[in-house]
Amino acid sequence: MEIQLATELTELIPHFKVGVIDYRNITVGDSPQMLKGRIQLFQESIYFELENKNVTELPGIQEWRSIFKTTGKDPNRYRHSAEALYRRVKKKNYLSSIQSATDLNNFFSLQYQVPMGIYDQDLLVGPVEIRLGAENEEYLGLNGRTNSLNRLIISSDQNGPFGSPFVDSERTAVTTNTKNALQIIYLRPSTDTEEAKKLTESIMNMFTQINGGEASYQILGDH
């Protein structure tokens, strides 16, 4: 899958970069008990860590809030997906298991404090571009609402936008029928390229350990 970053983004946000993982022949199903246990324990430890702390004090959450501000989105009205997950955990509204691909995506997003998206590649019509949304662009999101994409960072294929660090669309959602997936990790700009590679590779390896298949990754931006 050919994927590129729009120069408007890299010019607007210095060191902007994303990790992109291409998964083939995966098997998405119920998460193994080991993963469910890890996610539950991790959420509990975050809950205790946040007892005397605001979610917005966490470095990854803070960095992505400032990116939204830079692109022209109020981070208090448009909370990036990692912040939304952390706010749920702070309220003890823990994430319940959906299926192995989405569970892992949420787990990594919590672990690295960055927004992430995972998409069914067979529902995408390439090439994909990561860019800023236009005024008239919108989609039905996984939050059950029609979301305006104006000035949000979005991923778009030939059929239009499908993903964003705010909320992803229903159109390309991963299900237990998904065989090929595309994962986008909205890295912190402050992460250097070597660290970005390590982080992306470790996500890829754990994902294929649980879902099988083959995978390859690349880092876009900041070269």
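Below, all heavy atoms of this structure are taken into account, side chains as well, without hydrogens, waters or symmetry copies.
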Partner set under side-chain hydrogen bond (donor to acceptor under 3.5 Å, both in side chains) for [X], not counting sequence neighbours:
| X | result |
| --- | --- |
| Tyr112 | Ser202 |
| Gln121 | Asp22, Arg24 |
| Asp103 | Ser31, Ser97 |

Which heavy atom of [X] sits nearest a heavy atom of [Y], and at what distance?
| X | Y | value |
| --- | --- | --- |
| Ala196 | Leu187 | CB-CD1, 3.7 Å |
| Ala215 | Met204 | CB-CG, 3.5 Å |
| Ala82 | Gln113 | CB-C, 4.0 Å |
| Gly19 | Thr200 | CA-OG1, 3.9 Å |
| Pro161 | Ser156 | N-OG, 3.5 Å |

Sequence-distant partners of [X], side chain to side chain contact (heavy atoms under 4.5 Å, CB included), two or more places apart:
| X | result |
| --- | --- |
| Gln99 | Val28, Ala101, Thr102, Val174, Thr176 |
| Thr175 | Asn177, Thr178 |
| Leu123 | Asp120, Thr172 |
| Glu194 | Asp192, Lys197 |

Donor-acceptor pair, side chain of [X] and main chain of [Y], under 3.5 angstrom:
| X | Y | result |
| --- | --- | --- |
| Thr70 | Ser66 | yes |
| Ser109 | Asn105 | no |
| His80 | Ile61 | yes |
| Ser100 | Gly29 | yes |
| Trp64 | Tyr186 | yes |
| Lys179 | Asp122 | no |

Quick one: [atom1] on [X] to [atom2] on [Y], what's the gap to the nearest 0.5 Å?
| X | Y | atom1 | atom2 | answer |
| --- | --- | --- | --- | --- |
| Ile153 | Leu5 | CD1 | CG | 9.5 Å |
| Glu2 | Gln4 | CD | CD | 5.5 Å |
| Glu8 | Thr10 | CD | OG1 | 9.0 Å |
| Leu220 | Ile130 | CG | CD1 | 6.0 Å |
| Asn93 | Leu85 | CG | CG | 10.5 Å |
| Ile67 | Gln62 | CD1 | CD | 12.0 Å |

Where do Leu152 and Leu132 land on the side-chain contact (heavy atoms from CB on, under 4.5 Å) test, with the steps shown first? CA-CA 6 Å; Leu152 275 173; Leu132 281 179; over 6 Å; no
Any pair with a residue in residues 150-176 that passes salt bridge (Lys or Arg N to Asp or Glu O under 4.0 Å), sequence neighbours left out, goes on the list, sorted by first then second residue, please.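 Listed by first then second residue: Asp157-Arg171.
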Kindly state each residue pair satisfying salt bridge (Lys or Arg N to Asp or Glu O under 4.0 Å) with at least one member in residues 70-90, sequence neighbours excluded.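 Passing the test, one end in residues 70-90: Arg65-Glu83, Arg79-Glu83, Glu83-Arg87.
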Can you give me every donor-acceptor pair (side chain of residues 134-142, partner residue at least two apart or in another chain, under 3.5 Å) with its distance?
unit_1, atom_1, unit_2, atom_2, d
Glu137, OE1, Arg131, NH1, 2.9
Glu137, OE1, Ala134, N, 2.7
Glu137, OE2, Arg131, NH2, 2.7
Tyr139, OH, Ser164, N, 3.4
Tyr139, OH, Val167, O, 2.4

[X]-[Y] co-clustered via ILVMFWY side chain contacts under 4.5 Å:
| X | Y | value |
| --- | --- | --- |
| Met34 | Ile26 | yes |
| Val125 | Met1 | no |
| Ile98 | Tyr86 | no |

With ring-ring contact (aromatic ring centres under 6.0 Å, His included) as the rule and sequence neighbours excluded, what pairs involving residues 10-32 come up?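 Qualifying pairs: Tyr23-Phe207.
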CA sep, side-chain torsions, deciding dist, call: Ile203, Asn205, side-chain contact (heavy atoms from CB on, under 4.5 Å): CA-CA 6 Å; Ile203 288 174; Asn205 291 339; over 6 Å; no
Within the 3.5 Å criterion, strictly below it, is a donor on Thr208 or Glu214 matched to an acceptor on the partner's side chain?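 No.
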Audit row: Leu95, Gln43, side-chain contact (heavy atoms from CB on, under 4.5 Å) steps and yes/no: CA-CA 8 Å; Leu95 309 174; Gln43 290 182 92; 3.4 Å; yes
CA sep, side-chain torsions, deciding dist, call: Tyr78, Phe166, ring-ring contact (aromatic ring centres under 6.0 Å, His included): CA-CA 7 Å; Tyr78 290 84; Phe166 171 56; 5.2 Å; yes
May I have the step-by-step check of side-chain contact (heavy atoms from CB on, under 4.5 Å) for Thr191 and Arg188, ending in yes or no? CA-CA 5 Å; Thr191 307; Arg188 303 183 204 178; 3.5 Å; yes
Using the rule side chain to side chain contact (heavy atoms under 4.5 Å, CB included), only one of Leu182, Ile185, Ile118 pairs with Ile21; which is it?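 Result: among Leu182, Ile185, Ile118, Ile185 is the only option passing the side chain to side chain contact (heavy atoms under 4.5 Å, CB included) with Ile21.
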Would you be so kind as to tabulate the donor-acceptor pairs closer than 3.5 Å made by side chains of residues 44-60, with sequence neighbours excluded?
unit_1, atom_1, unit_2, atom_2, d
Glu44, OE2, Gln40, NE2, 2.9
Ser45, OG, Phe42, O, 2.9
Glu57, OE2, Asn54, N, 2.9

So do [Y] and [X] actually touch side chain to side chain, heavy atoms under 4.5 Å?
| X | Y | result |
| --- | --- | --- |
| Val20 | Ile219 | no |
| Leu104 | Ile39 | no |
| Met116 | Ile184 | no |

